[in-house]
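Just below is one structure, and these are the notes that go with it.
As the structure is a computational prediction, the values presented were derived from the model and not from experiment. Counting starts at 1 for both ligands and their atoms, following the listed order.
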Amino acid sequence: MIITIDGPAAAGKGTLANNLAQKYSYAYFDTGMVYRAVGLEMHLLGKNMEDKAAALQIAQNLTFKHMHELAKNPDFRSSLGGKNASIVSAYPEVRAALLKMQQDFALSPVFADGTPAKGVIYDGRDTGTVVCPHADVKFFITASAEVRAQRRYQEFLQKGMKADYNEVLADVKARDERDANRATAPMKPADDAIIFDTSDLSIQEVTNKACEVIDEKQSC
Ligand code: DC
């Protein structure tokens, strides 16, 4: 079983993906990590984010092991990390270089400890449209920019990171703009995706709705 969850930043994709991965014992692939890894490596090497050739070289050499190493860096999940990921993810060559790595995961999905899983949950922007167009169930999760900025702002505070709500909101809007309007694999719902607007839903309500869809699919 392959399930994809796409949508804008801070819509609740990660939490939903984790909940579903736990409930069904499926592996989870947060595909934003591949772009965050390239952006962070660029940053650590002092490269300008506009340097497409450098981004491509890093993308071509990226391994799961190195990506997980980079994920330990506090900048990996920061606002800057998200912004840099969004910039490098707009380069078609970078996306092409990272596609196989993402697609191959579904061929033999594994948990973090390496044990095999019977299914996989992907989350990202183009997982239902480009990475796994043949997925069994596709969700597109969204919410208003203000609600998403508020959630992201609270997350930063809870992690003890400094944050300013208006800056977070501006970041969220800029990222939406870039992710939705790039020429290659723009963020958009797949034609057969089920769309949930989570602005007025709790994560439990969203999870319940998603489970209903998956359970129905599994009983077919
Ligand atoms: O989901 P995230 O915030 O970790 O993603 C960081 C950036 O990576 C996002 O702004 C756009 C890019 N991305 C993408 O282009 N395609 C994906 N499947 C996942 C993320």
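A donor atom on one side chain and an acceptor atom on the other are found under 3.5 Å apart for Thr207 and Asn19.
Contact between Ala135 and Thr4 at its shortest, heavy atoms only, is CB-CG2, 3.7 Å.
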Would you give me the side-chain donor-acceptor pairs under 3.5 Å for residues 185-196, sequence neighbours excluded?
| unit_1 | atom_1 | unit_2 | atom_2 | d |
| --- | --- | --- | --- | --- |
| Asp192 | OD1 | Lys138 | NZ | 3.1 |
| Asp192 | OD2 | Lys138 | NZ | 3.4 |

Donor-acceptor pairs under 3.5 Å, side chain of residues 48-59 to any protein atom, not counting sequence neighbours: which ones?
| unit_1 | atom_1 | unit_2 | atom_2 | d |
| --- | --- | --- | --- | --- |
| Asn48 | OD1 | Glu50 | N | 2.8 |
| Asp51 | OD1 | Ala53 | N | 3.4 |
| Asp51 | OD1 | Ala54 | N | 3.1 |

Using atom types as modelled, flag every donor-acceptor pair under 3.5 Å from a side chain in residues 108-122 to any protein atom, sequence neighbours excluded.
| unit_1 | atom_1 | unit_2 | atom_2 | d |
| --- | --- | --- | --- | --- |
| Asp113 | OD1 | Thr115 | N | 3.0 |
| Asp113 | OD1 | Thr115 | OG1 | 2.8 |
| Tyr122 | OH | Gln102 | O | 2.6 |
| Tyr122 | OH | Ala106 | N | 3.1 |

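Side chains of Phe105 and Thr31 form no contact here, defined as non-hydrogen atoms less than 4.5 Å apart.
Under 4.0 Å from any atom of ligand 1, one finds heavy atoms of residues Thr31, Gly32, Tyr35, Arg36, Ala85, Ser86, Ser89, Arg95, Gly124, Arg125, Asp126, Arg175, Asp179, Arg182.
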